[in-house]
Amino acid sequence: MANIQAIRGTKDITPNEIHKWHSIEQILKKISENYGYREIRTPVFEKTEVFSRGVGAGTDIVNKEMYTFADRSGESLTLRPEQTAALVRAIIQNNLVAENPTARLYYIGAYYRYERPQKGRLREFHQYGAECISSPYPESDAETISLADSIIRELGIDEYSLKLNSLGNESSRKTYLEVLIEYLHKNINNLSEESQSRIGINPLRILDSKHTLDIEIVKNAPNILEYLDAESQQHFERVCKYLEAANIKYTITPTLVRGLDYYSHTVFEFQSNYLGSQDAFGGGGRYNKLFSELGAKDTPAVGFAMGIERILLILDVLQKQIDSSGNVQAVIIPTSNNYYEYALRIAAKLRNDFSISTIIDLQRRSLKSQMREAGKISAKYAIIIGDSEFESRSITIKYLNEDGRQIIINEDDLKQELF
RNA sequence: GCGGAAGUAGUUCAGCAGGUAGAGCACCAGAUUGUGGCUCUGGGUGUCGCGGGUUCGAGUCCCGUCUUUCGCCCCA
């Protein structure tokens with residue numbers, strides 16, 4: 001019988017790697033708060049309609065990637081495949097834009113998509129994201145991109161590209177779609193099979209295809225940026241200006257479209273060469289229609305998300321060493337099983353009175369082995385309890401540095417200064 | 001969901017004309033009975049992913065399955 005394994009596409013985060021997560025989370029929290037963003041947490045599951053209406057019924061995420069199930073009452077629930085739609089639901093429900101017109105929010109959590117796993121693509125994965133709610137102005141687009149950029153730099157990722165595009169507002173996108181569809185129909189015989197069938201469903205996505213046939217056709221396809229109306233164009237120009245002012249490099253990429261229906265105006269993606277096929281480690285854009293899609297009054301918003309596992313992959317390639325020093329300071333070493341009672345009392349004293357993280361060997365090993373262990377985990381002190389110490393109610397403190405100095409001290413004379 | 005590759009010790013990997021497994025690192029124990037890091041000695045810690053088939057005999061060949069991985073799709 002084989003051992004039980006974790007679900008396909010899921011991973012354990014073991015104590016050996018948890019420090020990487022901690023330090024990333026710390027950076028995310030710090031930079032977010034520097035920008036005035038506050039954390040929000042929502043449930044991992046929602047009514048299915050939050051996502052089917054929010055993310056969009058025509059998207060792959062909704063059509064083939066959601067973990068959807070009926071609960072015992074028969075209600076259709078879904079494990080969140082992304083945060084934005086659920087976050088908007090929470091904002092509406094808690095009326096978070098009532099107190100202050102601008103809500104700046106960030107989140108870190110686990111998300112679920114039923115996809116074929118690959119490097120950097122898991123069924124349970126973790127995202128950080130930030131959303132700026134209630135400003136229709138390009139300043140807020142620039143603010144969120146700038147926040148993302150600050151985080152990436154703080155993480156130590158200096159080699160990446162930021163792709164930027166505008167999908168325009170509803171009316172300019174509609175105009176463009178008509179022109180695009182006409183063009184694609186004209187060249188339908190030269191498109192890949194997949195793209196041929198996609199014309200009617202989601203023609204914008206063809207622009208993003210990696211198929212060689214499609215790439216040829218897309219080269220000469222009408223450029224979405226040329227179809228922006230005055231309002232959309234002005235918005236996009238301002239965003240670009242602000243980014244330049246913030247010294248953030250970007251590449252305008254008219255073929256950048258995103259797989260979620262709720263985007264309009266600005267869309268962007270952060271890409272790295274170190275990720276192989278899954279080269280985007282962050283992305284987002286403006287979603288002015290999402291609130292009304294979920295039944296609230298129109299509220300403009302912009303935001304982005306980053307994949308934490310993908311960031312870890314990049315940091316691994318860059319060999320960014322994240323400090324992993326263990327936190328055990330003292331190892332108590334009794335040389336006889338009879339001294340454990342005394343040893344435990346000393347341990348309690350160290351932990352409670354002096355706040356020193358302390359362990360006692362639980363394998364009843366030899367003094368030599370226990371000393372080895374203490375050295376291996378880089379403990380600062382070895383507390384030895386041998387025959388003479390036990391009899392005189394004292395302990396030997398050996399300082400595990402280079403000179404290895406050691407002192408014998410009575411239990412009652414233990415002082416904070418010794419550590 | 002589609003196509004290709006792989007799965008051997010904690011880990012990185014070797015093994016193959018089919019004869020029940022090996023190396024480095026890690027780990028454990030010891031170096032004349034109370035002291036870590038360096039060194040030396042000793043120890044293999046494994047249901048060779050799982051199930052079935054062929055065979056006297058399978059890690060090695062065949063089939064299935066699970067998982068990982070590369071590409072597609074999609075996205076973080």
Side-chain angles (χ1 to χ4, degrees), chain A residues 1-11 14 16 55 59-65 81-84 108-129 148 192-195 197-198 202 205-206 208-212 214 256-260 267-272 275-284 304-314 331 333-336 339 363 365-390 396-406 408:
Chain A
M1 183 103 76
N3 294 324
I4 299 175
Q5 295 191 333
I7 304 294
R8 177 176 160 108
T10 68
K11 263 186 179 171
T14 63
N16 292 330
V55 177
T59 61
D60 280 5
I61 291 180
V62 170
N63 285 334
K64 41 186 217 194
E65 295 175 3
E82 57 108 52
Q83 180 67 74
T84 306
I108 302 174
Y111 301 87
Y112 303 86
R113 289 183 203 171
Y114 190 85
E115 296 186 276
R116 180 128 168 199
Q118 238 177 80
K119 184 162 75 171
R121 195 173 78 186
L122 297 164
R123 287 183 173 179
E124 180 189 63
F125 59 101
H126 297 80
Q127 284 188 340
Y128 157 85
S192 70
E193 245 177 80
E194 275 165 312
S195 293
S197 62
R198 237 175 358 195
N202 203 339
R205 293 230 53 85
I206 297 175
D208 212 14
S209 171
K210 288 177 191 166
H211 201 288
T212 45
D214 298 336
L256 176 69
V257 294
R258 314 207 73 243
L260 296 84
V267 291
F268 54 93
E269 220 166 82
F270 293 94
Q271 297 183 357
S272 164
L275 291 172
S277 178
Q278 270 65 52
D279 62 350
F281 63 96
F304 68 92
M306 305 201 306
I308 302 203
E309 283 86 354
R310 289 186 184 178
I311 285 169
L312 283 167
L313 286 173
I314 297 172
V331 176
I333 302 176
T335 62
S336 156
Y339 303 157
Q363 302 296 334
R365 290 188 288 184
S366 67
L367 168 68
K368 191 184 185 70
S369 289
Q370 296 187 56
M371 283 300 297
R372 237 182 234 152
E373 162 100 10
K376 195 175 69 194
I377 65 175
S378 314
K380 283 182 173 153
Y381 323 103
I383 311 294
I384 298 164
I385 298 172
D387 301 343
S388 61
E389 288 92 341
F390 180 70
T396 293
I397 301 175
K398 172 156 182 162
Y399 297 88
L400 296 172
N401 49 20
E402 276 168 27
D403 56 271
R405 184 169 60 95
Q406 61 185 59
I408 300 171

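Chain letters run A, B, ... following the sequence lines, proteins first and then strands; every chain starts at 1. Values below: every heavy atom of this structure, side chains too, minus hydrogens, waters and symmetry copies.
Nucleotides B:C2 and B:G18 place their C1' atoms 35 Å apart, quoted to the nearest Å. Comparing the same atom, P, in B:G46 and in B:C28 gives a spacing of 15 Å after rounding to whole Å. For the C1' atoms, the distance from B:G36 to B:U47 is 38 Å, rounded to whole Å. Distance noted for atom P between B:U65 and B:G4: 14 Å (whole Å). The separation of B:C48 from B:U11, taken at their C1' atoms, amounts to 16 Å, rounded to a whole angstrom.
Considering only residues two or more places apart in sequence or on other chains, A:Y112 meets the ring pair (Phe, Tyr, Trp, His ring centres under 6.0 Å) condition with none of them. With sequence neighbours excluded, the residues that form a side chain to side chain donor-acceptor pair (under 3.5 Å) with A:R205 are A:D208. By the salt bridge (charged side-chain N to carboxylate O under 4.0 Å, His left out) test, A:K368 is found to be paired with no residue, residues two or more places apart in sequence or in another chain being considered. For the side chain to side chain donor-acceptor pair (under 3.5 Å) test, residues two or more places apart in sequence or in another chain that qualify with A:S366 are A:S369. A:E373 is linked by a side chain to side chain donor-acceptor pair (under 3.5 Å) to A:R365, counting only residues two or more places apart in sequence or in another chain. In terms of the side chain to side chain donor-acceptor pair (under 3.5 Å) criterion, residue partners of A:Y128 (sequence neighbours excluded) are, by chain and number, A:S32. In this structure A:F281 satisfies the ring pair (Phe, Tyr, Trp, His ring centres under 6.0 Å) test with no other residue, sequence neighbours excluded.
Between A:N16 atom CG and B:G10 atom C1' the separation is 10 Å, expressed in whole Å. For A:K210 and B:G3, the NZ to C1' distance is 16 Å, given to the nearest whole Å. If you measure from atom CZ of A:R113 to atom C1' of B:G1, you get 17 Å, rounded to the nearest angstrom. Remark: C1' of B:A76 and NE2 of A:H126 are 12 Å apart, rounded to the nearest angstrom. With rounding to whole Å, A:I311 atom CD1 is found 9 Å from B:A76 atom C1'. A:E194 places its CD atom 9 Å from the C1' atom of B:C2, with the value rounded to the nearest Å. Rounded to whole angstrom, the span from the CG atom of A:D208 across to the P atom of B:C72 amounts to 12 Å. In this structure, A:I314 atom CD1 and B:A76 atom C1' are separated by 10 Å, rounded to whole Å.
Using the Watson-Crick or G-U wobble rule with both distances under 3.5 Å, B:G57 pairs with nothing in any strand shown. With a cut-off of 3.5 Å on both pairing distances, B:G36 has no Watson-Crick or G-U wobble partner at all. In this structure, B:G51 forms a base pair with B:C63, meeting either the Watson-Crick or the G-U wobble geometry with both donor-acceptor distances under 3.5 Å. Base pairing analysis places B:C13 opposite B:G22; the two distances defining the Watson-Crick or G-U wobble pair are each below 3.5 Å. In this entry B:A29 has B:U41 as its Watson-Crick or G-U wobble partner, both defining distances falling under 3.5 Å. Across all strands shown, B:C72 forms a Watson-Crick or G-U wobble pair with B:G1, both key distances being under 3.5 Å.
In this pair, A:Y339 and A:F390 present their aromatic rings parallel. The plane angle is below 30°, not in the 30 to 60° band.
Atoms CZ and CZ, from A:R123 and A:R113 in turn, are 13.5 Å apart once rounded to the nearest 0.5 Å.
When each of A:G282 and A:D214 is assigned the nucleotide of RNA chain B bearing its nearest heavy atom, the one mapping closer to the 5' terminus is A:D214.
Taking 3.5 Å as the limit, the base of B:A76 and the side chain of A:Q271 contain no donor-acceptor pair of atoms between them. Evaluation of atom-type donor-acceptor distances gives no pair under 3.5 Å for the side chain of A:R205 against the base of B:C73.
Closest of all the heavy-atom pairs between A:A382 and A:M371 is CB-SD, 3.8 Å. Summarising the geometry of A:L400 relative to A:A374, their closest heavy-atom pair is CD1-CB, 3.8 Å, with the distance given to 0.1 Å.
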Just the atom pairs and distances: protein N or O near nucleotides 64-68 of chain B's N or O, under 3.5 Å.
{"unit_1": "B:U67", "atom_1": "OP2", "unit_2": "A:R8", "atom_2": "NH1", "d": "3.2"}
{"unit_1": "B:U68", "atom_1": "OP1", "unit_2": "A:G9", "atom_2": "N", "d": "2.8"}

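Here A:F125 counts as stacked on B:A76: its ring centre is under 5.5 angstrom from the base ring centre and the planes meet at under 30°.
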Footprint string (nucleotides 28-37 of chain B, 5' to 3'): B base within contact, S backbone only, - free, heavy atoms under 4.0 Å:
SBBB--BBBB

